[in-house]
Enquirer: 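One structure, pasted below without further comment.
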Amino acid sequence: VGLAITDARLDGVAVGVRIEGGTIAAVGPAVVPEPGDEVLDAGGMVVAPGMVNAHTHAAMALFRSFGDDLPLMTWLQTRIWPAEGRLTADDVYWGTRLACLEMVRSGTTTFADMYWHPGEVARAADDAGLRALVACALVDGGEVAGAGDLRQAALASLDALAGASSRITPMLGPHAVYTVSEASLAWLGELAAERGVGVHVHLSETEGEVERCVAATGVRPPALLDRCGLLGPGTLAAHGCWLDPDELALLAERGATVVANPVSNMKLAVGRLLDVPAAAAAGVPLGLGTDGAASNNGLDLFQDVKLLALAAKFLADDPAVLPAGEALAVARGQRSALLGGRGVEVGAPADLLLLRTGDPEVVPGDHDANLTYAATGALVDTTIVDGRVLMRHRHVPGAEEVLAQVGERVRRLTAD
Ligand SMILES: [Zn+2]
């Protein structure tokens, strides 16, 4: 007994899809429901893999549009940090639920998160039905004096995530080289190896970060992470705006995934963007992230994939780089084994979308090109994760409760 999707389109062909135990068991023109299957009539819609948000701080959806158009440090010091100082574990749960609601509605089926109260992030993702790589943001203020607290937080975060469902992947989240001391980074490198967990870190986002790292340690951020044992196939490194060609080669050699966040980087004006075509050519595994909603201000990857492609073309002065299908593959997590994106194929996790094809926004033309350049997440009719239908005809059960919970919390958190 499973879930059967009938009358879907895949590569222009009418197909059926059968899902068993959260996995695609069969796909093709001859695939029909088996007795006892739940049947979902796609009505001619395109079946597509879900999108993978490879870097976000989901609960920051509570701070959407809170302090726009401010310089980064002013924004952090006068807006975000005071508000975050009031955050309770419950706030993080409901903030993450708000983000999950937006992600389900815009076709994201997996997200990689770095934030406080990781147990609540995991519980929210699980209750929403999404897949998530969950890391606690770990900081010691860049001082060895804070190392004790960091170690305690790191170990507690792994404990908090130990009982989570199979859709949740625990990771360690050293915030960045400027907020974590080298001693703590090295300790985290050992812990990650010992526990067999991945590492989610901000890397080379600003020029100032690179300069301060060189002044403090004698090396640039990627070399520092490498000597601390934090660069490997389990590494998710967000931003990479200031990586040079030698560093792209190092990241490729280590198999670390670099996550482009073009919208956040442009909004905060960090001066450069990850050179995605160069990174791809060097063999660096790649992903696409929105970053937190406070610096984006949305979590709709269909919007960000357009910016990913356009920025690459603009910076390369070449419209041929990063074609639509390739940008989409990055956004689907298909260019990183760590992110695990697959096609609509037998054996792949049943993380699927049904996308309308008749909306004027995507008529006429090639559907993949339209998904990259013309669509928004509003095109998603149905979202399926792990074989479970989370949204059907744009209805997500429980959405009203999430919105009601968020309203009062935002008023308390953002009050003067
Ligand atoms: Zn971030």
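Just so you know, ligand 1 is whichever comes first in the structure, and atom 1 is the first atom listed for that ligand.
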Enquirer: Given the rule in the salt bridge (Lys or Arg N to Asp or Glu O under 4.0 Å) test, do Glu207 and Arg272 qualify, once you have shown the distances and angles that lead to the verdict?
Expert: CA-CA 9 Å; Glu207 188 176 27; Arg272 277 195 196 173; 5.9 Å; no
Enquirer: Anything protein N, O or S sitting under 2.8 Å from the Zn ion (ligand 1): count it and give me the total.
Expert: 4
Enquirer: Which residue, Asn296, Asn261, Thr290, forms the side-chain hydrogen bond (donor to acceptor under 3.5 Å, both in side chains) with Asp304?
Expert: Asn296
Enquirer: What pairs with Arg392 under side chain to side chain donor-acceptor pair (under 3.5 Å), at least two apart in sequence or on another chain?
Expert: Thr382
Enquirer: Could you pull out all donor-acceptor pairs under 3.5 Å where a side-chain atom in residues 62-79 meets a protein atom, sequence neighbours excluded?
Expert:
unit_1, atom_1, unit_2, atom_2, d
Arg64, NH1, Glu102, OE1, 3.0
Arg64, NH1, Asn297, O, 2.9
Arg64, NH2, Glu102, OE1, 3.0
Ser65, OG, Asn297, ND2, 3.2
Asp68, OD1, Lys267, NZ, 2.9
Asp68, OD1, Asn297, ND2, 3.2
Asp68, OD2, Asn297, ND2, 3.3
Trp75, NE1, Phe66, O, 3.3
Trp75, NE1, Gly67, O, 3.4
Thr78, OG1, Thr74, O, 2.7

Enquirer: Looking at the rings of His175 and His57, which for Trp means the six-membered one, are their centres under 6.0 Å apart?
Expert: no
Enquirer: Show me the donor-acceptor pairs, under 3.5 Å and distance only, between side chains in residues 126-148 and residues at least two apart or in other chains.
Expert:
unit_1, atom_1, unit_2, atom_2, d
Asp126, OD1, Ser165, OG, 2.8
Asp126, OD1, Arg167, NH2, 2.6
Asp127, OD2, Tyr93, OH, 2.6
Arg131, NE, Asp351, OD2, 2.7
Arg131, NH2, Asp351, OD1, 2.9
Arg131, NH2, Asp351, OD2, 3.4
Asp140, OD1, Gly142, N, 2.8
Asp140, OD1, Glu143, N, 3.4
Asp140, OD1, Ser181, N, 2.9
Asp140, OD2, Ser181, N, 3.2
Asp140, OD2, Ser181, OG, 2.7
Asp140, OD2, Ser184, OG, 2.6

